[in-house]
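One structure is given below, encoded as structure tokens.
Chain naming here is simple, since letters A, B, ... match the order of the sequence lines and numbering starts at 1 in each. Given the structure is predicted, the values throughout are model-derived calculations rather than measurements.
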Amino acid sequence: MNPFILSILLLSLGLGTTLTFASSHWLLAWMGLEISTLAIIPLMSQHHHPRAVEATTKYFITQAAAAALILFASTTNAWITGQWDINFDLHFFPASMLTMALALKMGLAPVHFWLPEVLQGLDLTTGLILSTWQKLAPFILMCQIMPVNSSLITFLGVTSTLVGGWGGLNQTQLRKILAYSSIAHLGWMILVMQFNQQLALLALIIYIPMTFSTFMIFKTNSSTTVNTLAASWAKTPALTAITPMILLSLGGLPPLSGFMPKWMILQELTKQDIPLTASIAALSALLSLYFYLRVSYAMTLTISPNNLNATTPWRLQTTASTLPLAISATISAMLLPLAPATLALLSL
Amino acid sequence: MSLSRIARHPRAGLLGCIHQQLFLNPSSLPGGADTRPMSRVPYRRPGEPKDNRPPWKKIKFDFAKGVEGVGRQMMLLKKELLDPLVGPEGKPMLEHMLEQNRVVWEFRGPECLEQWSVSSDREIGGQSEAYLKLGRNDNTCLLYGSLNAAPPRDGETRYSGYCTLRSKQRLCSFDRKTHFDWTSFNTLHLRVRGDGRPWMINLAPENYFSHQKDDIYSYFLYTRGGPYWQDVKIPFSKFFLGHRGRIQDDQHHLWLDKINTIGFTLGDKVDGPFQLEIDFIGVCKDYAHTEEFAYEKYKRNPEV
């Protein structure tokens, strides 16, 4: 893509999210969401492949519907309460509508159906932006409207963790696996958001480097299926050794970074006297862990007796920068000892 | 007949005394004719008499058929729920990773022919014929018939003389579409025996929106006449994109994760009989073939 156009689009993405972060008026927040949606549309369809165009169209329709619902809910709230300010408590009905609209924006179950298909149609870089950056703005709005209908939030959270676990079980396409991973992680964040927003923010801050690392690893290996990933030991042996750490961190295993948010969230849910919800969330994390473990197994613990279903490429010196991946992989795998300091920073 | 007899609604408000508005009810039209838009009416072959029966007479109510249908759907649902417990597509993960060849269609009995549909220009009023039957010893299928390039006399069709064999859409429980996932493979492998005519192989991937409904990836199949079988291996990178028969300038490679149907078309403008015998259709992984796409993309100077 023309570098000027690319920079305009990326800056608009940043502008949209920043606008939503900085706004205290619902209309401005909605505008920020729309700007970021419109900015990512050309990025998604830049290759003009029929599947990319299909993914872009699906994304646009779902995001536009969610944005319209946000606008309607905020207008209804202004009609009822006379307030456009985000900081003021919402009336019950607009609050529930806003919650569902933001759930649709983020891809929470049961309105998650668009996410795997859209992510499957994109290249890895755009998929990375969709999975990380595009989650920030609706997430921050969701934090600001809390506390809202508690049973709705718990329902969204539990359903997302279950759907994220079940849906990813038999996927062989890596992008769909990451889509279901995103749904599951957002479910965890939503569950705790009604009680402790800093913990939800911590979960998001840990989730972003883990997902970033995973996408960058797949991009380095140029692999979009589990089969092609299984030949990565010949391409990048060092990365093949590190990837299970990242994937198991996504799965929430100690002593990796991903364990920290899950541990804190389970502790908070137990303190709030909802052990059943905590148990269901923990058990559904086992489902997610299974498919992360399966990808790690296929990638690292197998050397096929015959040729795998992948082309073994030339091992040339890479020209791409590996520094971002190195930093994010370190954060994803080794941050757990900093847990006390992180929790103190977030005033927990 | 006065206007008041045709209009069956009360007069429209204030303007009723000035101007009688006519709304034609479907029931008021002679013969109870269908006034649905063209997109909702099922296709009627030219020359076929119109079917003006009311909808409830078109359905055949049969309790046994209903029970059998429910049983079949439950079996499909059970398979769909239990297969993921084994692995992707019902196979263990290691088997999925090591798979190099797969036979997708073979013809071992009359039930295999149910998966295919045959069509020709007879649908639009042409004179070609095409039939499908099992070959000798129920080991193959034979597509045979004759082409006639004379266009139908409807004043608008200019070319004719084609026939096609297309696989039916695979359905899982409750008539939902299911797709082939051929990402582990890169080559289409056919064993065919033809009569020297050039066929076209069409792969139709899954599309969600109606704009892309007729997107088909095609390539040629040149048959050699004679008693010997041909093993044809066509890499998927060779398939080019066409829409409604028109090859697109903006070409893209075929994504193999959601393939719906395969089809064989004959339209070589030659009148006369044809035969194509197919032993099996499969997919395989050719390690020597590393090409991603055989054709230039739309950009003449793509950025590196």
Side-chain angles (χ1 to χ4, degrees), chain A residues 1-3 6 46-58 60-61 114 116-118 120-121 166-177 222-231 287 290-291 293-295 297-299 301-302 304-314 319, chain B residues 80-81 83-94 96-102 181-186 205-217 241 243 248-258 283-293 297-299 302-304:
Chain A
M1 194 182 259
N2 184 327
L6 184 64
Q46 60 182 313
H47 299 295
H48 299 289
H49 191 282
R51 288 289 293 276
V53 170
E54 181 187 311
T56 312
T57 315
K58 282 181 183 168
F60 176 73
I61 288 172
W114 60 273
E117 295 300 324
V118 167
Q120 177 66 11
W166 278 111
L169 270 184
N170 271 300
Q171 297 294 339
T172 50
Q173 300 288 336
L174 293 172
R175 286 167 290 189
K176 280 195 176 175
I177 287 177
S222 304
S223 54
T224 51
T225 61
V226 174
N227 285 342
T228 47
L229 209 57
L287 292 170
Y290 177 70
F291 61 77
L293 206 54
R294 179 188 255 175
V295 176
Y297 171 75
M299 187 176 182
L301 299 175
T302 51
S304 173
N306 58 348
N307 286 327
L308 282 172
N309 283 324
T311 317
T312 315
W314 291 103
T319 52
Chain B
E80 209 177 314
L81 291 173
D83 273 351
L85 297 178
V86 179
E89 294 178 309
K91 291 181 293 220
M93 188 65 173
L94 277 177
H96 171 85
M97 284 168 63
L98 294 173
E99 202 178 14
Q100 295 178 19
N101 302 283
R102 189 194 292 179
D181 182 3
W182 292 342
T183 41
S184 306
F185 311 100
N186 67 355
E206 165 69 3
N207 303 112
Y208 189 80
F209 295 105
S210 56
H211 307 84
Q212 293 159 347
K213 182 168 65 74
D214 300 311
D215 276 2
I216 285 184
Y217 292 80
L241 172 63
H243 179 82
Q248 301 299 296
D249 289 330
D250 191 14
Q251 283 293 325
H252 300 281
H253 68 281
L254 171 63
W255 279 31
L256 294 160
D257 60 339
K258 280 184 176 175
V283 286
C284 66
K285 174 79 181 179
D286 182 1
Y287 292 98
H289 186 82
T290 53
E291 184 185 59
E292 285 185 15
F293 190 53
K297 301 285 183 85
Y298 187 74
K299 287 182 189 168
E303 52 263 14
V304 203

Measuring only between side-chain heavy atoms, which start at C-beta, is A:H49 closer than 4.5 Å to B:W255? yes
Would A:E54 and B:K258 pass as an ion pair if we require N to O under 4.0 Å? no
For the NZ atom on B:K91, are there more than 12 heavy atoms of other groups (residues, nucleotides or ligands in this structure) within a distance under 6.0 Å? yes
Please check if atom OH in B:Y208 has more than 12 non-hydrogen atoms from other residues, nucleotides or ligands closer than 6.0 Å. no
If one checks every heavy atom of B:D181 against chain A at 4.5 Å, the contacting part turns out to be side chain
One should read off an interatomic distance between A:T57 OG1 and B:Q212 CD, to the nearest 0.5 angstrom, of 7.0 Å
Please confirm whether the backbone N or O of B:P84 pairs with a side-chain atom of A:N170, one donor and one acceptor, at under 3.5 Å? yes
Which atom names give the shortest non-hydrogen contact between B:G87 and A:R294, and what distance separates them? CA-NH2, 4.0 Å
Look at A:H47, A:Q171, A:E117, A:K58 and state which one has the largest set of heavy-atom pairs under 4.5 Å with chain B. A:K58
Quick check: are there more than 12 heavy atoms from other residues, nucleotides or ligands sitting under 6.0 Å from CH2 of A:W114? yes
Checking heavy atoms, do the side chain of B:E89, its backbone, both or neither come under 4.5 Å from chain A? neither
Between B:D257 and A:Q120, does any side-chain donor sit less than 3.5 Å from a side-chain acceptor? yes
What heavy-atom pair brings A:P50 and B:Y217 nearest, and what distance separates the two atoms? CG-OH, 3.9 Å
Above 12 or not: heavy atoms from other molecules or residues under 6.0 Å from NE2 of B:H243? yes
Is the OH atom of A:Y290 crowded by more than 12 outside heavy atoms at less than 6.0 Å? no
For A:P116, enumerate each residue passing the side chain to side chain contact (heavy atoms under 4.5 Å, CB included) test, keeping only those at least two apart in sequence or located in another chain. A:K176, A:A179, A:Y180
Applying side-chain hydrogen bond (donor to acceptor under 3.5 Å, both in side chains), name anything that partners B:N101, two or more places apart in sequence or on another chain. none
Any side-chain heavy-atom pair from B:M97 and A:T172 closer than 4.5 angstrom? no
